[in-house]
Protein chains: 4
Amino acid sequence: MGEATSRFENIAVVAKRASPDAEQTAREVADWLRRRDTDVAVDCDTGSGPPGILASNGDFDLVIVLGGDGTLLSVARSLPSPVAILGVNLGRLGFLTEIGRHELYPSLVEVMDGRFAVESRSLMDLEVRRAGGEVESYRLFNDAVIAKSALSRIIELTLSVGGDLVTTYRSDGLIISTPTGSTAYNLSAGGPIVSPTLPVTVLTPICPHTFSLRPIVVADSNTVEVTLDTQQEKVFLTIDGQEGTKLEYRDTVRVERSSVEVHLVKVSGRSFYDNLRQKLHWGE
Amino acid sequence: MGEATSRFENIAVVAKRASPDAEQTAREVADWLRRRDTDVAVDCDTGSGPPGILASNGDFDLVIVLGGDGTLLSVARSLPSPVAILGVNLGRLGFLTEIGRHELYPSLVEVMDGRFAVESRSLMDLEVRRAGGEVESYRLFNDAVIAKSALSRIIELTLSVGGDLVTTYRSDGLIISTPTGSTAYNLSAGGPIVSPTLPVTVLTPICPHTFSLRPIVVADSNTVEVTLDTQQEKVFLTIDGQEGTKLEYRDTVRVERSSVEVHLVKVSGRSFYDNLRQKLHWGE
Amino acid sequence: MGEATSRFENIAVVAKRASPDAEQTAREVADWLRRRDTDVAVDCDTGSGPPGILASNGDFDLVIVLGGDGTLLSVARSLPSPVAILGVNLGRLGFLTEIGRHELYPSLVEVMDGRFAVESRSLMDLEVRRAGGEVESYRLFNDAVIAKSALSRIIELTLSVGGDLVTTYRSDGLIISTPTGSTAYNLSAGGPIVSPTLPVTVLTPICPHTFSLRPIVVADSNTVEVTLDTQQEKVFLTIDGQEGTKLEYRDTVRVERSSVEVHLVKVSGRSFYDNLRQKLHWGE
Amino acid sequence: MGEATSRFENIAVVAKRASPDAEQTAREVADWLRRRDTDVAVDCDTGSGPPGILASNGDFDLVIVLGGDGTLLSVARSLPSPVAILGVNLGRLGFLTEIGRHELYPSLVEVMDGRFAVESRSLMDLEVRRAGGEVESYRLFNDAVIAKSALSRIIELTLSVGGDLVTTYRSDGLIISTPTGSTAYNLSAGGPIVSPTLPVTVLTPICPHTFSLRPIVVADSNTVEVTLDTQQEKVFLTIDGQEGTKLEYRDTVRVERSSVEVHLVKVSGRSFYDNLRQKLHWGE
């Protein structure tokens, strides 16, 4: 995490979809920023899919996200290049959006005056390969989940890391998580908490049939490949819990660290462990 | 577990569906039994659904199942009254079908000569209630699983036991398991192993969001009720991993011990713990 | 759980050891009871060991415990015969002492007027056998823990249940828990929560070397026997986390349900699940 | 992992303590090496403590360890500077000693001819600080375990990482593990498997009282500090399961990455995952 002193000049404000509250706040923030001589664009698109503003214009040097962790995940996946992101939570505090509503303007003053730190978080690029060719590609910030449908039985997945065979999993599925995603679905499935800036990937089976199939932490410089070996069951790939696709027999999901990173703007002074204590009710 | 000495006079032989091997073995077993002056009916129905022979005629005093645990689960759910079941495994030994192919005829001799024990296993009856009325009903031998679909997010389920509120689960789902089912899906989800003749039900959350939501063992004389509190996600009910239905918002799944039991015929002398050691590779 | 209407006539009040607060409260409670024409004895012994008052006089029909769950565990193990126990917690509410300080006198009124329920909880009797003879015996309410010392390495324990070999555990130790103890150490070691009146025993390994060695729930009518197979390491037996002894190589720990039960007096109307939600912070 | 082509000229052969088999093999290996014009010293010391040969002479460029993982752990902690280690297992294959008895001489030929790879593994340096001063210091290869004695109750430990407070643990203890140690005690306590060359430390609680206290993976560039907050219970520190000391109230255990590394010599071509599959019985 490094100090950053440059002033932002071209700012996008993105509001949570279908939230009149976030939209209203976004317009107020934009007005506030414009009064400080900043170029501001506001995205309050009420449709689905990634924020259109980001696709159309890559020149922003800061994106302010108003909503929750879900909105920030969606924005982070959509960025064409590494851009600073400031997450503001209008509901309950999240792991990624740790500025609350009442801290909004004080935090903006800090940021505009250059008193903030930037924390680099890794993203991963994922391809679905079928019969040798690529059929789908995604970027992910939290995790990719390969899981059977509710009515299906146990599935088999063969995992390799850096070209080395790991094993064939018999389970409900497999979670491929970034350090950022380690506190999301990975944690519910029994995976470890991982410090968010480590250069690692976490591989956690979901309800494994073999009990010794434990979560594994590997270098994120290693490409992770997962092949679906089960023919008859319905299996799906989900990205950040937000989008996904159906997998076919013999499909390979290939995941590697993205060249693009997320630069989270931090003004709170709260450590990762402070967030853990608060969110996981440690010490109560 | 009690000794049984009465001679069986009316026997059904049920073969695994779509298995020429099981069908051939069933016909041989039937011939062998008939040569010992026993009334025998053979069910080699190749369709889906429960064995038709059982529905049409409830007068059997023994059902011999040739296949695997899956076939025996299907037969057990279909029995109109408590009937003795002898499970023979034509593949890898199961928890319920602990007689292997090479032990088939020696075991039949033991059974026909009255040298066997009977172990009573509980079944549960399940109703899906919607707007006050019953819309579906099932019998289960292993488990009922209420789980979100692969593309859905976390769901909320409210659990009550014996009329007392337990809690609202935020998880991927919930497993309601008999002792017999405790070594099936329950075990993969982190639930305990339960001695098969105990009068209990095991309630195990799947990937719970709250870590203190641990498996709970309750009396099977208590009715278990689970209500779906999530409106937007797709949620399914699965019975013994073999059949199921889609649940609607506010549906209640109501489970209680069935008046019908399964009477497993045991000739092996193997204890439950012997099976555990072999199946779970304990001690290696 | 049954309703009880008989009036108590001979009451012991036991205060937590070395607690001036508990001692003072005990004297006040005794005075209050005497004004209602009840025979009352007070035990405010400041020494160690079980309350002396209980050993010297078995004629009490109610024991009121002022302190916490630890004090009640100690009292329950000392009772010569099944006697009603009312637990009052002077600190943070416990699983066994669910009446708080402010509910003390209202609860006493309820009890003295016969408006209460009684919940029977099982105790277990434990013997340590060495070279065929019994060398120590204990009664337990929560659990017996067989565990290696901090500086020792993994130990081997052979477990049998009802005379059937279960397996040899390679682990840090093994917990033998009553349903009442299932929410104590058993829960920290990964064991299931068990409804407190079930006729079962829970066997949970501590940090097992073999991952498939999972918690097992068995009938409490089965005798549990654990033999220490490791010669060189220091291994201890602990009862309810309160007393214990060193085990020798080849010692066998033998546990079976006691003929004595604890009769917990309940006035709160709180269910077991209400307590779980409060203590485990479910739903937050 | 890099290829190494330089020829070793000064070799130490260390045999497992009190093992006539290892001693005999060590002398044969030394003879074999001397016939290839290599300077060889043999350590078959039958006493306790680290091998004396290593302390007296730091000029070895290769140490051949004959025994098991335990012997190699002991040697690795004793090395004054980064020296190549070749581990040969005379019993069951280990994670660190992956050359079996029958591969001994073929492997030595490979090594002496320069056909091998070197894998760098991190060591950690640990200090026990009491009243501001250092009272004990250790080096560790697998793990440092802070744990209560068998007869003690739950203990409180306060953990900080890189100067940031993490939380206060209420548990049986805490494991501080290197990646190499992740497949040892850490795995039994529920911690994740970690790829052995990652720059991380794993912090895993033992039987935590708070269920959300999950294993955490942090950067090994961060100093880990653990302070004992419990006054009355006996608590011990154990290093690699082999040596240790008693901790006092308010003692702080301080762990950071050592400047010395272990250079494991690899000739097998087996990947870390190959070892995992074999040792953990994956896929059976």
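The sequence lines fix the lettering, A, B, ..., with proteins before strands; numbering per chain opens at 1.
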Starting at NZ of B:Lys234, measure out to CG of A:Leu151 and round the result to the nearest 0.5 Å.
10.5 Å

Find the one option among A:Pro205, A:Cys207, A:Gly173 whose heavy-atom pairs under 4.5 Å with chain B are most numerous.
A:Cys207

Interatomic distance, CG@A:Asp172 vs CG@B:Asp172, rounded to 0.5 Å, equals 8.5 Å

Heavy atom to heavy atom, less than 4.5 Å: which residues from residues 186-194 of chain A reach chain B?
A:Leu187, A:Ser188, A:Ala189

For chain B, which residues of residues 133-147 of chain A have heavy atoms nearer than 4.5 angstrom
A:Ala147

Would you say CZ of B:Arg153 has more than 12 non-hydrogen atoms from neighbouring residues, nucleotides or ligands within 6.0 angstrom?
no

A:Ala150 versus B:Ser149, closest heavy-atom pair with distance
CB-CA, 4.2 Å

Side chain, backbone, both or neither: which part of B:Ile154 has an atom under 4.5 Å from a heavy atom of chain A?
neither

Leading residue by heavy atom contact count with chain A [cutoff under 4.5 Å; candidates B:Gly241, B:Pro208, B:Gly244]:
B:Pro208

